[in-house]
Number of protein chains: 2
Amino acid sequence: MFRLSKRVEYGLMALQHLARRSGVATAREIADASNIPYDLLAKVMQSLKRDGIIDSYQGVKGGYALMLTPEAIPLKRVIEALEEDVALTDCNANGAQGCDRFDTCTIREPLGGLQQKMAETFSGMTIAQLL
Amino acid sequence: MFRLSKRVEYGLMALQHLARRSGVATAREIADASNIPYDLLAKVMQSLKRDGIIDSYQGVKGGYALMLTPEAIPLKRVIEALEEDVALTDCNANGAQGCDRFDTCTIREPLGGLQQKMAETFSGMTIAQLL
DNA sequence: ACTAAATAGGATTCTTTTAGTCCTATATTT
DNA sequence: AAATATAGGACTAAAAGAATCCTATTTAGT
Ligand code: SF4
Ligand code: SF4
């Protein structure tokens, strides 16, 4: 329980790699360096690109590069770029539609506070702290 | 991602219920009150009992009651009583056996720190804060 | 002694999520 | 034109999570 998904782990490794080399790196290069499945990493990179955390260059000599300084990339952003529905509870993620018990639930509000604290923790750590 | 398991949600509801009534309550009563599947709750209660958070009484007029004051039951304990392998990463949960990349992994240590912060968050909130 | 109501716990099944793979299209450099 | 990259859809496999079923044991009350 509470595991970071592989997508997120791979994403962090990739961002760390990019931050260290501060230049362009290909998905293949990163996959080889970190021993992660290329196909999966490719998807992860695409998601990070869509979010605007990294930029991409196609074709030969292409690859990926950071769009921001490592200090400006909190883990929270990385996680949310790679996973939808990041939340402690269904209600927290999708409101009343997320859970039948929404109206009667007696633990919903306190858990909302907890979620808040979690978010702060993940906002407080950045890629810079992985270097 | 990051969802509390149903076991944990149900466990928290049950503990809240017991804390509010400060006496004995049956699994059936709690299940009905909170709209949760009885069979599943029954397992959850057994786990909480094994951990020593609650006590149980068998037979007619039996049920469950808190062994501790609500203030003395941090969420961390509840979660760990109900789930094994609570950790952000496989390595964090099972050490080197948990992951092939253990030796070469470059994000392991920083994530360890993050896990630490998470643990503090969950230690800092107790059942008393659900009342 | 018997019955009813409760916990204890094993085993199994169903569902959902996560991880991984495969294939094709498009862009760009040489 | 060929080689090397990203882009992205579709699919499959594996694992985790949730729920259910069934049987045994304990205990209060009659
Ligand atoms: S409303 Fe209550 S039961 Fe439903 S998801 Fe939120 S916390 Fe869980
Ligand atoms: S060693 Fe690295 S890859 Fe393996 S589980 Fe830990 S963080 Fe993830």
Side-chain angles (χ1 to χ4, degrees), chain A residues 1-11 13-14 18 23-32 34-51 53-65 79 82-87 89-90 93-94 98-101, chain B residues 1-11 13-14 18 23-32 34-51 53-65 79 82-87 89-90 93-94 98-101:
Chain A
M1 203 197 175
F2 277 136
R3 282 292 189 302
L4 249 33
S5 68
K6 289 303 175 192
R7 277 177 65 85
V8 170
E9 277 200 8
Y10 297 162
M13 289 176 190
L18 291 177
V24 175
T26 69
R28 180 120 267 145
E29 173 191 332
I30 298 170
D32 290 348
S34 298
N35 250 282
I36 60 192
Y38 167 78
D39 290 294
L40 195 38
L41 178 65
K43 297 288 166 60
V44 168
M45 299 311 274
Q46 286 169 27
S47 297
L48 293 174
K49 156 71 188 306
R50 265 185 234 112
D51 190 83
I53 296 175
I54 60 178
D55 201 356
S56 69
Y57 306 94
Q58 284 192 320
V60 181
K61 289 279 173 185
Y64 299 93
I79 292 171
L82 297 177
E83 299 284 336
E84 39 190 332
D85 258 32
V86 181
T89 62
D90 291 332
N94 307 314
C99 182
D100 295 339
R101 279 183 282 266
Chain B
M1 201 195 178
F2 277 136
R3 282 293 189 304
L4 248 34
S5 69
K6 289 300 174 193
R7 277 176 64 87
V8 170
E9 277 200 8
Y10 298 162
M13 289 176 190
L18 291 177
V24 175
T26 68
R28 180 121 266 147
E29 174 191 331
I30 297 171
D32 290 348
S34 299
N35 250 283
I36 60 192
Y38 167 77
D39 290 294
L40 194 39
L41 178 65
K43 297 286 165 61
V44 168
M45 300 309 275
Q46 285 168 27
S47 297
L48 292 174
K49 158 69 188 305
R50 265 185 234 112
D51 189 84
I53 297 175
I54 61 178
D55 201 356
S56 70
Y57 305 94
Q58 284 192 318
V60 183
K61 289 280 172 185
Y64 300 92
I79 292 172
L82 297 176
E83 299 285 335
E84 41 190 329
D85 256 31
V86 181
T89 61
D90 292 332
N94 306 315
C99 181
D100 294 339
R101 280 183 282 268

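Lettering follows sequence order; numbering is per chain, from 1.
Here the closest non-hydrogen pair linking B/L41 and B/A14 is CD1-CB, 4.1 Å. Nearest heavy-atom pair, A/L82 versus A/S47, reported as atom, atom and distance to 0.1 Å: CD2-CB, 3.6 Å. Shown here for A/A25 and A/L18, the closest heavy-atom pair between the two residues is CB-CD2, 3.7 Å. For the residue pair B/A65 and B/V24, the shortest heavy atom distance occurs at CB-CG2, 4.1 Å. Contact between A/S34 and A/M13 at its shortest, heavy atoms only, is CB-SD, 3.9 Å.
Using modelled atom types, no side-chain atom of B/R7 and backbone atom of B/K43 make a donor-acceptor pair closer than 3.5 Å.
At most 12 non-hydrogen atoms from other residues, nucleotides or ligands lie less than 6.0 angstrom from CG of A/D100.
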A correct 5'-to-3' footprint of nucleotides 4-12 of chain D, with B, S and - meaning base, sugar-phosphate only and no protein heavy atom under 4.0 Å, is BBBBBBB--
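Taking a heavy-atom distance under 4.0 Å as the criterion, the stretch of DNA chain C touched by chain B extends 5' to 3' from C/dA4 to C/dA11.
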Output, in order, the C-alpha distance, side-chain angles, deciding distance and verdict of side-chain contact (heavy atoms from CB on, under 4.5 Å) for B/Y64 and B/I30. CA-CA 10 Å; B/Y64 300 92; B/I30 297 171; 5.5 Å; no
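If you take CG of B/L4 and P of D/dA16, they are 18 Å apart, rounded to a whole angstrom.
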